[in-house]
Every structure is written in structure tokens, then in C-alpha cells.
Number of protein chains: 2
Amino acid sequence: MAKGELSFEEFRRMVSLSMENMCRDLYLGNRASIKIKKEPVAVGNLMKILDAALTLSNKKGFSAMSLRELSSQSGLSMGALYTYFSSKEDLLHMIQRESAVVFDVLTAQLEGVRDPQARLRRAIRTHLFLSEILRPWFYFSYMEAKNLSKQEQKKAIEAELLTEKLFVDIVREGQDVGVFRDCDAELVAAVTKAMLQDWYLKRWKYARRKTTVERYAEFVTDVVEGYLGCGRRGEKKS
Amino acid sequence: MAKGELSFEEFRRMVSLSMENMCRDLYLGNRASIKIKKEPVAVGNLMKILDAALTLSNKKGFSAMSLRELSSQSGLSMGALYTYFSSKEDLLHMIQRESAVVFDVLTAQLEGVRDPQARLRRAIRTHLFLSEILRPWFYFSYMEAKNLSKQEQKKAIEAELLTEKLFVDIVREGQDVGVFRDCDAELVAAVTKAMLQDWYLKRWKYARRKTTVERYAEFVTDVVEGYLGCGRRGEKKS
DNA sequence: CTAAATATAACGAACGTTCGTTTTTTGCTT
DNA sequence: AAGCAAAAAACGAACGTTCGTTATATTTAG
């Protein structure tokens, strides 16, 4: 385990991004369009709806999921569904917007960490831990981005570039300080993100091999640090 | 440019995987179900159909693409479409199967290359070059795999693991020979594939930065070789 | 009793698919 | 060459189904 870093379970407890909390946050953020007044009822049903929606969407795609399927899978009637969103597209955007909250968590976790090498490790770990906790949300957000409206698509692209910029800045600062060697920071950030995304896009592969998220985090960190010329080379079990 | 490796343009000319050749191969492989007898007619229309199908699917998703859209985009009538495939699902499987031909090209390109380091470089370059030439096919294959039937999904997973095994074997042999350091070969293969996939999944990002496929190939090779402990460390323009 | 929440059933639009018809191409005869 | 019948290919309206959506009725809880 890395020095001074939280383990995955510690991290999970700390951020408390359970389905219930996500749905409560989603409810409070969409009180205008959700017709249900009583919070406990609304949150409970939103959990059923989002659970079903993420399951069905991630299995067959959002547009291939019919609202009748969503109705029977969630246990709510068609009419009830429409008290929680005003259209199928509205549901899509609700999920997409709620998925974006993680960026705040990511930046928050980096606050106060100034050393570039520590920041890099922290950013990789946090990103992986978040995607592990909210895998269905991440997967949905990635795969269904094409269904968004043009303007929401722009926002999604900007968010993607913003996350990447976060890594670019870390690499650049490390280069300025002299701890990272000179290289194309944008490419480093790009492939780092690619490796992070693989964790939730191809989750079944790592699950089958019983690779833990902590192990994967360490590995990705090693690869990136290795390229940046600051990794501690040492023993690894094959 | 790497010693003895073909440039991208040389590679493109050599493999000759133009839309027309892909469609001719697709026609010959599906002669049983395609009702059109004359090859030139069939290949010409298949080009229109697949061009439209890949464009529309990759923009909004296969299941969100209606056959009426496909009809107007391809310039063929609804009835004409159904002389080239027997159902929408059939079209999906045709595209998916045709996308699989690239694996043969990949393995063919590795034949005769025995040195692990050279094999690794060749595998990375070839995979990237292929995905550059056939980007719409790769993208489609990745994004629409979930729409396949259960058994075709199994085949897709096996193909994914087979490609990965190809990289695993290269790494393992390099370790046996002693040119690569000891580490988890499966993880190395996994993240290598993740980086390769990013090239066609996030193509717009690299296009915007005017990153060439040759540059990206070199970069990925450097990252992987760097981790495996055999890369030549040196100058890089930031 | 009342208001909030849910269930039911129906609507028009759009879907994948089919099929009788028309248009185009081919091969043969003059 | 020209004409023509047969084969091949393309067409597009229409079918039954399913979609997202909504209006109305029923149930539940304070």
C-alpha cells in the first residue's frame, strides 16, 4: 500500500457515494421536475428506477431499453415513472448530470497535495476508486454520451478534456520542478486516462482475473511513473 | 521512424483494406443471404449501405438508427435494403463478422518476426494502423457488441481475449529471454490494449491535436517498453 | 376526507418488415 | 443494330407491432 494513501475501503466509507446518497442528491437537484413531494418516497423509488435504468442500459443500450421494460424491472408503473421524469430523454440527462458530480470529488481529493508525484498517484487512485464505486454510472456516461443533445455533448467533451487537463497540469508541473523527464504531457495524460477508463469499460476482464482496484491502481501508477522517469524499479510478483 | 518498419502509408497500400475491398469480401462471404447476383452491382450498393450504416450507427447508435434513415442516407429504397440483409439484426452481424477479418491481418503481420522487442513494436504499430484505416469498423465493433446475440457476444469476448493473449505471449517470451523485466504480463497486455483502443475510441481528441498515428504508435511503444525495462531513454520533443 | 401516489388503458407516431408493382438490365432473335 | 421477352433489381405503400406519452381511474396514507 502506498504511503499515506487511503485504502479502497477507507475511501469508499469516506466519500459515501451509495446509491441512496446519489439518488437523494439527484432528487434534491431535480425537485423542480420531479412531481413527488415526500423525500423518502421519492428517493426510494428513484433508487429502484436508476438501478433498473443503469442495469438495462448498460446491458442493451439506453435507446434499446423501452420504458415498459424499465417499468417492470423497477416495479413501478408507466404512470409512476412519469412522475419522476418528464421524458425518456430527461431521464438520460438526469443520469448524465448526476454522473458529473464525481469530478468535484476528484478535484477535492487533490486539494492540498502539492508534490507532483504524490498528486499523480492520488489522481490515479481517486479516479479508479470512484469508477469502482460508481461503475454503472461511469459506464453509462461513457457509452451513452452519443445520445445527448448537441449542447450537452459539448459539455461532456469539455468535462473529458478538463479531467485530462488535470493530468496534463500535474505532468507539466513535475517537469518544471524537474522530477519528471521531458516528454509530451498531453499524450501522457491521454493514455493515462485510457488506462483508467479501461477499468470500468472492461471490468469483467479484471473481475475474472481477480485483479483488485488497488493492484490496478499501483500498476497504472508504475507504468506512468516509469515513463516519466521517476518510478521506483523493484520487485513485482508476476 | 523505426528501423525496418513500414510507414503508415506504405502499410495502407500493402494491406489494401479499402471500403470496396471490405464490401467485396463481405459480399463473397454472404452470398447465400444476399439476393443480388451480379457482383459489381452488389458491391457498389453494399458500399453505400455500409458507409451509411457505419456513419449513422457511430453517430447515434445502431439501435437508434432506423432503417428509414439508412434508406435515405444510402439512397436505396426500403425494399432494396432487404435484398442485402434479411433483418436489421442480420446487418449488425454482417458488420461485426466483417470487422473480425483484421485479426488475421494482425497475426499475418507478426509472422516471421521472432525477436520479442521487434514483435511488440510490430504488434502495436499494426494494430494502430489497422484501426486507423478501419476506424468506423473498429468503433462500431466496440460500441455495438452489446447488441449481439448471446453466442456472438461470446465470440466477441473470445476475440478480445485472443488479441490480448497475443500481447501476453510476446511479453512472456521477452521475459523468458531476459530482455523484458519480470512483471505481470496480463496487466501489461491489458493496458497496452487500452491505449490502442483509445486511438479509435477518442479519435477526435488526437485529430484535434494533429497527432499522427505514427507518432502515437511510437509513444505507446515507448511507454510499454519503458515499463518493461528495455526502452531507449532519450530526447523527446514536448 | 383529501391530497399524494400509483395503476390502467389508450393514443398517435414510428418502427421493422413484407409484397405487389415498376423499372432496369440482360440475352436472344431477327 | 433493333426489338423484345425474361430475368434481375429497385421501389414504396401498407401491415402489424411496439414505442413514448398521457388522460383518467384507483389506491394509499395522514
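Chain letters run A, B, ... following the sequence lines, proteins first and then strands; every chain starts at 1. As the structure is a prediction and not an experimental result, all values here were calculated from the model.
Looking only at distances, a side-chain donor or acceptor of Lys35(A) sits under 3.5 Å from a matching main-chain atom of Tyr82(A). Under a 3.5 Å cut-off, the side chain of Gln153(A) and the backbone N or O of Lys146(A) do form a donor-acceptor pair. Remark: side-chain polar atoms of Ser71(B) are paired, donor with acceptor, to backbone N or O of Leu76(B) under 3.5 angstrom. In this structure, Asn21(A) contributes its side chain and Ser16(A) its backbone to a donor-acceptor pair below 3.5 Å. No donor-acceptor pair under 3.5 Å is formed between the side chain of Arg31(A) and the backbone N or O of Ile36(A). Not a single donor-acceptor pair under 3.5 Å links the side chain of Ser57(A) to the backbone N or O of Leu54(A).
Separating the CG atom of Leu67(B) from the C1' atom of dT18(D) is a distance of 15 Å, rounded to the nearest angstrom. Taking atom CD of Glu69(B) as the reference point, atom C1' of dA14(C) lies 11 Å away to the nearest angstrom. Distance Leu81(A) CG to dA23(D) P: 17 Å, rounded to the nearest Å. In this structure, CZ of Phe85(B) is placed 15 Å from C1' of dA9(D), rounded to the nearest angstrom.
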In 5'-to-3' order, the base (B), backbone-only (S) or no-contact (-) status of each nucleotide in nucleotides 3-10 of chain C, using a 4.0 angstrom heavy-atom cut-off, is -SSBBB-B

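Ring geometry, Tyr200(B) versus Tyr142(B): the interplanar angle exceeds 60°, so the pair is classed perpendicular (tilted spans 30 to 60°).
Residues from residues 86-94 of chain A placing a heavy atom under 4.0 Å of any atom in DNA chain D, listed by number, are Ser87(A), Lys88(A).
For the pair Lys88(B) and Phe62(B), the cation-pi test (distance below 6.0 Å, angle within 45°) is passed.
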